[in-house]
Amino acid sequence: MGRQNGYDHREIERRWQDQWDEADVFRVPDDAEDPAYVLAMFPYTSGQLHMGHVRNYAITDALARYRRMDGDEVLHPMGWDSFGLPAENAANERDTNPREWTERCIEQMREQFEALGFGYDWDREVTTCDPDYYRWNQWIFNRFREAGLVERQAATVNWCPSCETVLADEQVEGEAELCWRCDTPVEERDLDQWFFRTTEYADELLEDIDELDGWPTNVRDMQRNWIGRTEGAEVPFDVETPDATETVRAFTTRLDTIHGATFFALAPDHPLAEAAAERDDEVAHFVEHVADPDGDEPQGVATDMTARNPVTGEELPVFVADFVLSDIGTGALMAVPGHDERDHAFAQSHDLPIRQVIAPEDGADTEDVDIEAAPYTEDGVLVNSGEYDGLSSEPARERLTEEVDGADSAVQYQLRDWGISRQRYWGTPIPIVHCEECGPVSVPDDRLPVELPEFVHTTGNPLDAAEEWKHTECPECGGPAVRETDTMDTFVDSSWYFLRFTSPDLDDAPFDVERANDWMPVDEYVGGVEHAVMHLLYSRFVTKAFADLDLLDHREPFESLTTQGMVLGEDGAKMSKSRGNGVSPERIVSEYGADTARLFVLRAARPDKDFPWSEEGVRSSNSFLKRLLEMAREVDPDAAADDPDDPAAEYVAREVAATVEAATDRFEEMEFNRAVQAIDEMVSLLVRYRDRDAVDPGVVARGVEVAVKLLAPVAPHVCEECWTALDGEGFVAEADWPTPDRDVNDHEQAVRLVERTREDVRDIVEVAGIEEPTAIDVVTAPEWMHDALELARDADGDVVGAVMSDGDLRERGEAAADYAKDLAAAAPALPEALAPDRERATLERAAWLVESEFDAPVRVLAAEEADDDLASKAEPGRPAIHVHEN
RNA sequence: GCGAGGGUAGCCAAGCCUGGAAACGGCGGCGGACUCAAGAUCCGCUCCCGUAGGGGUCCAAGGGUUCAAAUCCCUUCCCUCGCACCA
């Protein structure tokens, strides 16, 4: 592509990428003090960047470049989330191994990153499948184990038969319980699993969400939801079985309704339910064939057991019911059909008594409550509850918790411990050796890393097949032992990688504590919402655990979080192969260049919003860049930008200053789209001004220079090219961010005055049907009107009085009185207006716009200079206008 | 059902927190400049009426607060997302 089409983006982009690299522009030295830490979620190494990546990384790159120009040192690193199942699958399909496949993917992706010109400190690159990285996963495992944060439990786990692996709860999606990766229905299996005890931190993880002001509300909400804290009480019920009396604790949030309990229910997999199934075929049948936890109808079966209500002493029938879930509460519940939807439905279908023990608080509509028809689930006043009658629900709960034998207040969480075991090859080996004598023994730190053995193709877990690797000796007794063959969930890798970036090559610890303390937390973290729960919650957990291990002073990893929206297909739907609406970044980069791609994705919408791809938008981004480069090449870089005498030049200079101010604010808010909009408008004005007869080249030069700097974070290569054309020193990437060179305080009012006046002139010309204006007079209001307006604005109620109390104004007679009345009518919404001299100067500066639009000379006159008739129509902020015609 | 976020002109979308301009901007559409012509570009217009800057009706619907509401409060309807037989 040659000059005539604008610019040769291939040549330009590669050249600047090389030069940045050579000059180490994006390196941040280890001794940097508290650099701005800007981080994008590192990509999984699929080998292909998609448009979503481009957007994600364009956002952080623009922010990082802006911060750098604004004077901060910036840590903007990149790495590879490179362990995981897809690599293994790919290796199996392609007759290669996961490592080679992953390395190739990394190569490809790095090239794509480089082609896009993202400014990363590649010296800090981190690759999770590298033993130098994953050994620290193992080290962390050891620390956590020492601290009691690791547990081995025989657990029922989610098992995906297609992936042949265990899934975390978070990886199971929807009511249908499908695998998050392959949508296969998930089954259950019992396996010995390693867990990180995230529940230890449940309360802190929940409470600290309140402090995360920089996070989107929906993410905070999702985390709260996921942790799912419920306060209530546990109450012991004595359950009579044919063999013995067992005490079963039931969790309830409504202890105040305990007098209304009419039956008791157990989960199908509760030990007592299983024992009952042994004794009773009907129960066995129900448990094995009927129970359907996903069904709409609560189903259950009576048993030969009874439970004693600890408050009333009543005997309650015990059911095994499928709506009771063993992983919620204690897997046993007291059922109060009068005040719970589910219990009510069950009671009706099983013809069990329904008893009202709560009445509405005000008592008035007690009779409206038909407890047989529907449960009353609100709090209220206790009735039919013996000595507790008349108490409100809340105090009743407190008293009952205290007074019922064995009852305790209790808290339930939906959050589970984090099962980190995966029966997979391509992950971090869990540093455990199983010894017949000593049981599971940690591999000591000095023998880390436990490296992955060579990959072998097998239907099962390749680690199981790696006999030589697997058989080892016990670190404690030296006897024969086998290695743990499970590897870690890849979310372990990503739960602390942001710390590794602070000291990526350190070989005696995962990260340098002092530097991490100084550089953390991440100031701005950007990625997709799909990580709202898992990755972000695990990272928070690990950070807190580190803090308690004295490895870190911070308890939260991410100060501010942005979840970026999707890039949709041109048809407005999610990009997908099946729809064929995908757009490949490679094509865009080769056809239009990286700068165009970046500019397009950043100007299309705010970072957190979805937007559809638009080829038209891409083209317009491209031509904008061409125009800017063209201007930069035409400008006389030596032209001085002093205070211009020409009002038009001063007008432009002010607009430039105002744009600096506006764009800077937008960059601060990461509203790149609006920043670009402001720059775009300014460049249009510069073009228009440049094409005028009398031009101050210094003003144009300054304007173009400002445009180039402001746009540099977004379209860095073209801007370097422009910078060179402008004789800029060094890289624009390292230039100082511009500051307004003029006071722009009254800019908004000035813009409004100018816009309004121009519109008025257009209106007049059009409505009056003036074909060819020969001259246009613009007459500002006399000073006394401004004075009157000021008085009116300060007036407290009596506007006319305030205005007419002024001697000078009184002398104006009727004109002043009329205006005072007008002001009074408009009060208290009186407009702010520029002072008379500023108003006039503003109009004079803007006159050239009107002149060029109507091709007629414009005179800006003070009221005294114009004839009275015309002048009398002027008001502050609203000049009188006369259009002359032949 | 619970929770969160939304509903602004033909479409996309800012403004709403901190009330005071028919409501930024873009696309599409219309007109003009340039051109042999088209494209690109530039300048306008784009809720209705209007031969001197005027008038009317507007921000999902309804109500309220206020001198004044797209903006604050209440109610209803609709959309999107997350969670959900949670004891």
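Predicted model, so just to flag it, every value in this text is computed and none were measured. Every chain is numbered from 1 and lettered A, B, ... according to where its sequence line falls, protein lines coming before strand lines.
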Query raised in the report: Would you say the ring centroid of A:Phe600 lies under 6.0 angstrom from that of A:Tyr592?
Result: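 Judged by ring-centre distance (under 6.0 Å), A:Phe600 and A:Tyr592 do not meet the cut-off.
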Polar contact flag, side-chain donor to acceptor under 3.5 angstrom, [X]-[Y]:
{"X": "A:Gln223", "Y": "A:Arg540", "answer": "yes"}
{"X": "A:Arg603", "Y": "A:Ser621", "answer": "yes"}
{"X": "A:His747", "Y": "A:Glu661", "answer": "no"}

Query - Euclidean distance for C1', B:A61 against B:C45 (whole angstrom) - result: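 After rounding to an integer number of Å, I get 32 Å for this pair.
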Query raised in the report: How far, in whole Å, is B:C72 from B:G7 if one measures between their P atoms?
Result: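 11 Å, rounded to whole Å.
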Counting only side-chain nitrogens and oxygens, does [X] get under 4.0 Å of the OP1 or OP2 atom of [N]?
{"X": "A:Arg688", "N": "B:G44", "answer": "yes"}
{"X": "A:Arg342", "N": "B:C86", "answer": "yes"}
{"X": "A:Arg674", "N": "B:A14", "answer": "no"}

If I take atom [atom1] in residue [X] and atom [atom2] in nucleotide [N], what distance separates them, rounded to the nearest angstrom?
{"X": "A:Asp665", "N": "B:G15", "atom1": "CG", "atom2": "P", "answer": "14 Å"}
{"X": "A:Met682", "N": "B:G25", "atom1": "CE", "atom2": "P", "answer": "17 Å"}
{"X": "A:Phe611", "N": "B:A14", "atom1": "CZ", "atom2": "C1'", "answer": "17 Å"}
{"X": "A:Glu671", "N": "B:G25", "atom1": "CD", "atom2": "P", "answer": "16 Å"}
{"X": "A:His344", "N": "B:A87", "atom1": "NE2", "atom2": "P", "answer": "18 Å"}
{"X": "A:Glu748", "N": "B:U18", "atom1": "CD", "atom2": "C1'", "answer": "14 Å"}
{"X": "A:Glu669", "N": "B:G15", "atom1": "CD", "atom2": "P", "answer": "10 Å"}
{"X": "A:Lys609", "N": "B:G6", "atom1": "NZ", "atom2": "C1'", "answer": "8 Å"}

Query raised in the report: Can you find a pair of side-chain heavy atoms, one from A:Val336 and one from A:Arg254, that are under 4.5 Å apart?
Result: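 SC-SC contact between A:Val336 and A:Arg254 ruled out.
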[X] near the nucleic acid: base, sugar-phosphate alone, or nothing, with a heavy-atom cut-off under 4.0 Å?
{"X": "A:Gly329", "result": "base"}
{"X": "A:Val324", "result": "base"}
{"X": "A:Arg606", "result": "sugar-phosphate"}
{"X": "A:Leu325", "result": "base"}
{"X": "A:Arg666", "result": "nothing"}
{"X": "A:Asp855", "result": "nothing"}

Query - Partner of A:Val858 under side chain to side chain contact (heavy atoms under 4.5 Å, CB included), chosen from A:Asp777, A:Leu849, A:Val850 - result: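 Exactly one pass, corresponding to A:Val850.
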Query raised in the report: Hey, is the main chain of A:Gln299 close enough, under 3.5 Å, to the side chain of A:Asp322 for a donor-acceptor pair?
Result: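 Yes; at least one donor-acceptor contact below 3.5 Å.
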Query raised in the report: Are any side-chain N or O atoms of A:Gln412 and backbone N or O atoms of A:Gly329, one a donor and one an acceptor, separated by less than 3.5 Å?
Result: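 Yes; judged by distance alone, with no hydrogens or angles, the pair exists.
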Among [options], which nucleotide has an atom closest to any side-chain atom of [X]?
{"X": "A:Thr217", "options": "B:C85, B:G5, B:A87", "result": "B:G5"}
{"X": "A:Thr230", "options": "B:C42, B:A87, B:C43", "result": "B:A87"}
{"X": "A:Glu681", "options": "B:G5, B:G25, B:A87", "result": "B:G25"}

Please tabulate the protein-to-nucleotide N/O contacts below 3.5 Å involving nucleotides 78-83 of chain B, giving atom names and distances.
from, atom 1, to, atom 2, distance (Å)
B:C83, O2', A:Asn225, OD1, 3.2

Query - Residue met sooner reading RNA chain B from 5', once A:Asp610 and A:Met334 are mapped to nucleotides - result: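 Result of the comparison: A:Asp610.
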Query raised in the report: Which parts of nucleotides 47-56 of chain B does protein reach within less than 4.0 Å, heavy atoms only, written one letter per nucleotide 5' to 3' as B for base, S for sugar-phosphate only and - for none?
Result: ---BSBBS--
Report task. Hunt down any stem RNA chain B takes part in, defined as 3 or more consecutive Watson-Crick or G-U pairs whose two distances are each under 3.5 Å. Result ->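 The stems that RNA chain B takes part in, listed by first number, are B:1-7 with B:77-83, B:10-12 with B:25-27, B:28-33 with B:41-46, B:47-49 with B:54-56, B:60-64 with B:72-76.
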Requested in this report: Would you check, one step at a time, whether the test ring-ring contact (aromatic ring centres under 6.0 Å, His included) holds for A:Tyr689 with A:Tyr651?
Outcome: CA-CA 10 Å; A:Tyr689 175 71; A:Tyr651 176 87; 9.1 Å; no
